[in-house]
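Here it is, the structure, as structure tokens.
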Amino acid sequence: MAVGLDELLDTGGFVPHGVCLLWRPDLLALHVASDTLIGLSYFSIPLALLYFVYRRRDVAFGWVAVLFALFIIACGSTHFLSIWTLWEADYLLEGAVKLITAVVSLATAATLWWLMPRLLALPSPAQLARSNAALEHEIAIRRQMEQRYSGFFNNLAEALFIVEVLPDGGFAYQAINPALARATGLDPEKLRGRRVEDALSPEIADGVLPRYAQCRDSGESVDYEEVLSLPVGRRVFHTMLVPVRDAAGRVAQLLGSGRDVTERKRLQEEMVQTSKLATLGTLAAGMAHEMSQPLNVIRLWTENTLARLRETTLDPVRTERALTLVIEQTERMAKLIDHVRTFGRRDGGGTQIFHPAHCVRSAVELVRHQYALENIEVVESITSADLPVSGRPLELEQVILNLLSNARDAIIACRAADGTSGCIMVAVDDDRDGHNTVIRVTDDGGGIDPTVLPRIFDPFFTTKEVGKGSGLGLSIGYGIVDGMGGRIDARSVELDDGRCGARFTITLPSQPVSSSDRELSHA
């Protein structure tokens, strides 16, 4: 039988719950006190939970605490209604509150069981303690490593710097170590965090930015020498750049190291200059003969013309021929003097593009007449040598002259044993691939002792008698060819006539090669 709303809300037929307690004051006080304390506690606990969740928003499943708070508040409300119904028979209100409590309780229980696997998966306090201990240990190790690496970075004599690759492809300095600051005079604080073009002068920035871009784009190490105008003056640095990739494989940093090689370059140039002067000293006799020939011709024709002038028997045609010959011979001497003067000067210029065949011809012409006086023939063969190379022409000519001088010495030493004449063959051509120019200097001076061959390019190593060789010629030549990106090697060969000799082969690339390729070729 359906119950109407009026009947449901009508409480006239009910009696307060205090009737059941016979309105005994002691029982009423007991129930009121107990329900009051329970209700207040139930209302206090949710406040504590909500405050905890508010302050600790990083707690996992914090929303469950809100659900528990609603459940506890509903339970607390039933206890306050129990006090109310002791005197007022509002059992419908009490039942509605209990129904709400039941719904919230059911939802809380269901949620709790649904979350139980996840709650059980949460680490225990012991596990958290172990994890915290492990993290603290790892942090301590990382700090030690950072201190160690920081010590390396700050105390190494090698100049070090770190360049950040920005999202737009630009570059900014992250740090430079004290060694670099001392070597360059740059202030680390003024460089840190600034873009390269803002931190450095335009001249320096224009020089280093292409190198940084090359390392970033290729993703490979870059090894180069650079001349920089710094606060401490003009210095030469040998710099190495190493790319560092992030987790996505993008080059995010460049680690750079630099070494001030200004003094070393100066000493190398001094050694090269000394070697040039020594070569000119060795060629002095041949050059004297080369100069004496045109001087004798000039003297003879001048004396002849002067005699005819005195005898008033000058023939205009003959006189014109004599003067033309004198001019030709003076031009020949001037060219020789200019070449010797150019070769002997200190080469302070930079690298340039040139054809190596021109250097070979100049070197051969400088020694051909002198060697002819010693019955040594110089045979020149230049075919299909059209590829240009990069370097300093005078330095390459010095290398060729040194090889010719060594070949002459070997022939003279071999001739003392068998008395035969000697021959030096110089050939220049391009390789089949069209990427390199090859220069070969071959003699018939008996070849190179196999025990000596591995050390032939070592500094100060020589097989000549004391006072006749410094042992620096081949070493300097090796450094010059290596600086041009090429290589030089030596071996003994057997010639067509059955005699043995030595052959030095210089291979020069038509385009500069990377330092790694150059090291591989020498290895």
Side-chain angles (χ1 to χ4, degrees), residues 275-276 278-280 282-283 285-287 289-290 335-336 339-340 342-343 354-389 391-415 420-432 436-448 456-457 473-474 476-478 480-482 484 486-497 499-510:
S275 178
K276 283 184 182 181
T279 301
L280 289 177
T282 304
L283 300 176
M287 287 187 293
H289 178 74
E290 186 76 7
K335 289 181 180 179
L336 179 61
H339 183 72
V340 171
T342 301
F343 177 77
F354 66 96
H355 290 277
H358 298 162
C359 300
V360 174
R361 290 193 184 98
S362 298
V364 170
E365 289 301 320
L366 200 59
V367 302
R368 188 190 299 276
H369 294 283
Q370 176 185 355
Y371 289 6
L373 294 176
E374 299 174 332
N375 199 22
I376 298 175
E377 182 184 8
V378 181
V379 180
E380 179 183 344
S381 174
I382 299 178
T383 59
S384 66
D386 300 325
L387 293 177
V389 299
R392 296 179 176 179
L394 292 180
E395 289 187 350
L396 180 60
E397 183 178 341
Q398 177 184 351
V399 176
I400 304 300
L401 283 173
N402 184 261
L403 295 180
L404 293 173
S405 177
N406 289 342
R408 165 192 172 273
D409 294 342
I411 291 173
I412 292 177
C414 183
R415 181 185 296 170
T420 57
S421 60
C423 179
I424 302 174
M425 293 153 283
V426 182
V428 184
D429 55 14
D430 300 332
D431 62 5
R432 295 180 180 179
N436 302 290
T437 296
V438 181
I439 304 173
R440 298 180 182 87
V441 178
T442 309
D443 63 67
D444 56 1
I448 305 174
I456 198 168
F457 293 107
L474 288 178
I476 292 174
Y478 181 95
I480 292 174
V481 173
D482 181 73
M484 297 175 65
R487 65 179 185 272
I488 178 172
D489 55 56
R491 63 188 180 95
S492 296
V493 294
E494 185 175 350
L495 305 176
D496 296 336
D497 56 4
R499 289 186 294 174
C500 294
R503 173 172 296 165
F504 287 82
T505 304
I506 299 174
T507 304
L508 299 174
S510 60

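Computed from heavy atoms alone, side chains included, the values below leave out hydrogens, waters and symmetry copies. Numbers for residues simply follow the sequence, beginning at 1.
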Exercise: identify the closest heavy-atom pair between Pro356 and Ile439: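 Nearest heavy atoms, Pro356 then Ile439: CB-CD1, 4.1 Å.
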
Partner residues of Glu377 under the salt bridge (charged side-chain N to carboxylate O under 4.0 Å, His left out) criterion, sequence neighbours left out: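 Here no residue qualifies.
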
4.5 Å side-chain heavy-atom contact, Ser405 and Tyr371: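 Of all side-chain heavy-atom pairs linking Tyr371 with Ser405, at least one is under 4.5 Å.
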
Nearest-0.5 Å distance that lies between atom CD1 in Ile506 and atom CE in Met484: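 These two atoms lie 8.5 Å from each other.
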
Test log, rule side-chain contact (heavy atoms from CB on, under 4.5 Å), inputs Ile382 and Asp429: CA-CA 6 Å; Ile382 299 178; Asp429 55 14; over 6 Å; no

Shortest non-hydrogen contact between Val389 and Pro509, atoms and distance: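 Nearest heavy atoms, Val389 then Pro509: CG1-O, 3.6 Å.
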
Interatomic spacing from CG in Asp443 to SG in Cys414 - rounded to 0.5 Å: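 It comes to 9.0 Å.
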
Asp444/Cys500 under side-chain contact (heavy atoms from CB on, under 4.5 Å): CA gap, chis, key distance, verdict: CA-CA 6 Å; Asp444 56 1; Cys500 294; over 6 Å; no

Euclidean distance, Asp409 CG relative to Ile411 CD1, rounded to 0.5 Å: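 These two atoms lie 9.5 Å from each other.
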
pair Phe504-Ile456: side-chain heavy atoms closer than 4.5 Å: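 Side chain of Phe504 against side chain of Ile456, heavy atoms only: contact under 4.5 Å found.
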
Thr437 vs Asp431, side-chain contact (heavy atoms from CB on, under 4.5 Å): CA-CA, chis, key distance, verdict: CA-CA 6 Å; Thr437 296; Asp431 62 5; over 6 Å; no

Point-to-point distance, once rounded to the nearest 0.5 Å, from CG of Asn436 to OG of Ser510: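 One finds 6.5 Å between CG of Asn436 and OG of Ser510.
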
Under 3.5 Å: donor-acceptor pair, side chain of Ser362, backbone of His358: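 Here the side-chain-to-backbone pair exists.
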
Student check: side-chain heavy atoms of Ile424 and Val379 closer than 4.5 Å: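 Sidechains of Val379 and Ile424: no contact.
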
Side chains of Leu495 and Val493 in contact at under 4.5 Å (non-hydrogen atoms):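 Result yes, sub-4.5 Å side-chain heavy-atom pair found.
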
From Glu397 atom CD to Arg392 atom CZ, the distance as rounded to the nearest 0.5 Å: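 With rounding to 0.5 Å, CD (Glu397) is 15.0 Å from CZ (Arg392).
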
From CD1 (Ile376) to CZ (Arg408), nearest 0.5 Å: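 Between Ile376 CD1 and Arg408 CZ, I get 6.0 Å after rounding to 0.5 Å.
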
Flag side-chain contact, heavy atom, 4.5 Å: Val426 against Ser381: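 In short, these two side chains do not touch, never coming nearer than 4.5 Å.
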
side-chain contact (heavy atoms from CB on, under 4.5 Å) assessment of Leu396 paired with Phe354: CA-CA 11 Å; Leu396 180 60; Phe354 66 96; 3.7 Å; yes

With sequence neighbours excluded, residues passing side chain to side chain contact (heavy atoms under 4.5 Å, CB included) with Thr505: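 So Thr505 forms a side chain to side chain contact (heavy atoms under 4.5 Å, CB included) with Val438, Arg440, Asp489, Arg503, Thr507.
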
